[in-house]
Student: 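Just passing along the structure, written as structure tokens.
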Number of protein chains: 2
Amino acid sequence: MDRPEAYPITYGVLGLLAYWGPLSGYDLKQLFDHVLSAMWSAAHSQIYNELKRMKGLGWVEMEREEQESRPDRKVYSITPAGRAALESWQQQPPAVLQLRDELLLKMMFGSFAPPEAISENIRASIALHEQRLLQYRQTTQHLPVRDQPRQASGRPNPYASQEEEDIYFRLVSRFAINFEQTYLNWLYEAMEVLEEQNEE
Amino acid sequence: MDRPEAYPITYGVLGLLAYWGPLSGYDLKQLFDHVLSAMWSAAHSQIYNELKRMKGLGWVEMEREEQESRPDRKVYSITPAGRAALESWQQQPPAVLQLRDELLLKMMFGSFAPPEAISENIRASIALHEQRLLQYRQTTQHLPVRDQPRQASGRPNPYASQEEEDIYFRLVSRFAINFEQTYLNWLYEAMEVLEEQNEE
DNA sequence: ATTTCCATGTAACGCGTTACATGATTGG
DNA sequence: CCAATCATGTAACGCGTTACATGGAAAT
């Protein structure tokens with residue numbers, strides 16, 4: 001059977017190139033951390049690998065920007081073949097969501113831990129998720145400028161206008177915020193339940 | 001630097017053995033699918049590997065139950081060393097939550113897809129998560145009987161009574177349900193937003 | 001008749017993580 | 001002074017997934 005030539009993370013990189021325009025590997029890492037971290041994370045090493053893979057597939061092109069006293073920026077842009085691949089991917093059923101959360105796992109077996117250990121873990125988790133919630137609410141900071149050049153062949157995206165494009169971005173941001181709020185509510189509730197239990 | 005001798009999934013198996021009592025690899029797979037799937041999934045091949053690893057560490061013991069016309073059941077139970085490892089794990093800070101969701105990734109770049117493709121993906125996702133929500137609401141079906149034998153050396157769990165143990169189980173179940181509800185609400189909202197957009 | 005359940009494993013493979021490697025510039 | 005930012009890669013490693021392997025009993 002054929003092995004797939006690309007994976008979700010490949011399309012994550014490709015999608016960012018389609019949406020944000022030409023970007024370097026470094027830029028892509030920033031975007032992953034600030035925009036996609038809620039649904040798919042990536043190490044910088046992996047991003048560079050995906051760029052190499054996609055260059056081999058002809059989905060992206062690379063142009064070298066020379067710089068002094070720093071490594072040259074290698075700026076990647078999506079090709080027509082890349083756009084076709086992105087569209088084709090969109091028409092295949094997505095893999096099911098996966099959640100991996102060691103805190104939940106520890107909570108599940110909380111009865112085998114000293115009560116202080118659990119409380120401490122919950123406290124740390126609250127701090128973490130409060131911070132994330134803040135970050136999601138002001139995502140637009142620290143993002144590379146979106147610079148989508150018009151090509152001679154017409155609009156690069158045949159499916160949506162600039163405004164319509166933002167609908168998706170807003171929807172996904174909303175999800176990230178909803179999720180963090182739900183998680184935090186649960187953490188606070190867990191904290192209360194466990195405190196009550198300790199008093200009795 | 002030392003490589004860790006165990007991973008979250010190792011402790012998932014270990015915790016189930018501590019909580020549910022002696023279990024076979026097959027039982028453990030059922031429990032993972034019905035109890036832990038919300039926070040950590042596992043293939044059966046991996047469970048058998050973890051059991052092997054833990055036996056090498058002395059964290060579990062195996063007893064063979066002979067059967068006719070079927071492979072023998074190998075029933076594993078946790079050892080005192082295993083309990084110590086579980087408790088020690090509980091006192092270390094948990095790794096941060098990770099979410100991987102290809103649907104969200106596709107939504108992010110929804111402007112590069114034919115609108116019908118997105119709607120179709122959302123519909124399928126709604127069906128999936130409605131089903132999961134139902135499952136979480138009636139989890140206690142299909143579970144192996146919990147059979148925690150009293151040992152000569154006293155209560156197996158020094159931290160919590162039977163009733164207190166269930167608090168954690170209930171808290172985590174509650175989380176799974178909250179999560180699915182939040183996800184579903186968002187999916188329905190996304191559906192509406194996209195339908196409105198198509199009408200204009 | 002065919003799917004599901006019971007029951008246990010091995011083998012191949014690669015995505016994703018962590019660590020290694022380098023080095024000038026800027027801000028606190 | 002020291003940490004962070006900018007900037008790009010390679011190497012090692014293994015967790016986790018998918019596929020392979022087997023086969024009787026029971027249910028639909």
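Chain letters run A, B, ... following the sequence lines, proteins first, then strands; residues in each count from 1. Computed from a predicted model, the values in this text were never measured in an experiment.
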Student: Without decimals, in angstroms, what is the distance between A/E65 CD and D/dA7 C1'?
Tutor: 12 Å
Student: Side-chain N or O of B/Q67 less than 4.0 angstrom from OP1 or OP2 on C/dC6?
Tutor: no
Student: With a 4.5 Å heavy-atom cut-off, do B/V35 and B/V172 have their side chains touching?
Tutor: no
Student: Given that A/A42 and B/H44 both sit by DNA chain C, which one's nearest nucleotide is further toward the 5' end?
Tutor: B/H44
Student: How long is the span from the CZ atom in B/F179 to the CG atom in A/D101, to the nearest 0.5 Å?
Tutor: 10.5 Å
Student: What is the separation between atom NE2 on B/H34 and atom C1' on C/dC5, rounded to the nearest whole Å?
Tutor: 12 Å
Student: Separation of B/N49 atom CG from C/dG9 atom P, in whole Å?
Tutor: 10 Å
Student: Students often get this wrong, so: under 4.0 angstrom with heavy atoms, is A/R64 touching a base, only sugar-phosphate, or nothing?
Tutor: nothing
Student: Would a line drawn from the ring center of A/F175 to the ring center of B/Y183 be shorter than 6.0 Å?
Tutor: yes
Student: When you check the phosphate oxygens OP1 and OP2 of D/dT17, does a side-chain N or O of A/Q98 lie under 4.0 Å from one of them?
Tutor: yes
Student: From the set C/dT8, C/dT17, D/dG16, return the single nucleotide nearest to any side-chain atom of A/R100.
Tutor: D/dG16
Student: When the distance from CD of B/E50 to C1' of D/dG14 is rounded to whole Å, what number comes out?
Tutor: 11 Å
Student: Could you tell me whether the side chain of A/L14 reaches within less than 4.5 Å of the side chain of A/T10, counting heavy atoms only?
Tutor: no
Student: Taking for each residue the nucleotide of DNA chain C with the nearest heavy atom, is it A/R53 or A/P71 whose nucleotide lies nearer the 5' end?
Tutor: A/R53
Student: Does B/K29 place a side-chain N or O at less than 4.0 Å from the phosphate oxygens OP1/OP2 of C/dT8?
Tutor: no
Student: Picking from D/dC6, D/dG16, C/dA7, which would you name as closest to the side chain of B/R73?
Tutor: C/dA7
Student: Checking A/N185 side chain against A/T182 main chain: does a donor-acceptor pair fall under 3.5 Å?
Tutor: no
Student: At under 4.0 Å, does any side-chain N or O of A/Y26 touch on OP1 or OP2 of D/dT8?
Tutor: no
Student: Could you work out which one of C/dG9, C/dT17, D/dT10 sits closest to the side chain of A/K52?
Tutor: D/dT10
Student: NA contact type, B/D72, heavy-atom cut-off 4.0 Å: base, sugar-phosphate, or nothing?
Tutor: sugar-phosphate
Student: OP1 or OP2 of C/dG9 versus the side-chain N and O atoms of B/Y48: is any pair under 4.0 Å?
Tutor: no
Student: Just how far, in rounded Å, is C1' of D/dG9 from CG of A/L51?
Tutor: 12 Å
Student: For A/D33 and C/dT17, give me the distance from atom CG to atom P, rounded to whole Å.
Tutor: 11 Å
Student: Is any side-chain nitrogen or oxygen of A/Q46 closer than 4.0 Å to OP1 or OP2 of C/dT17?
Tutor: yes
Student: Between C1' on C/dT17 and CD1 on A/I9, what's the gap in Å once rounded to a whole number?
Tutor: 11 Å
Student: Using atom CH2 of A/W40 as one end and atom C1' of C/dT17 as the other, report the distance to the nearest whole Å.
Tutor: 15 Å
Student: May I ask you to evaluate whether A/S45 reaches the phosphate of D/dT8, defined as a side-chain N or O under 4.0 Å from OP1 or OP2?
Tutor: no
Student: Please check if any side-chain donor atom of B/E50 sits under 3.5 Å from a side-chain acceptor atom of B/Y7, or the reverse.
Tutor: no
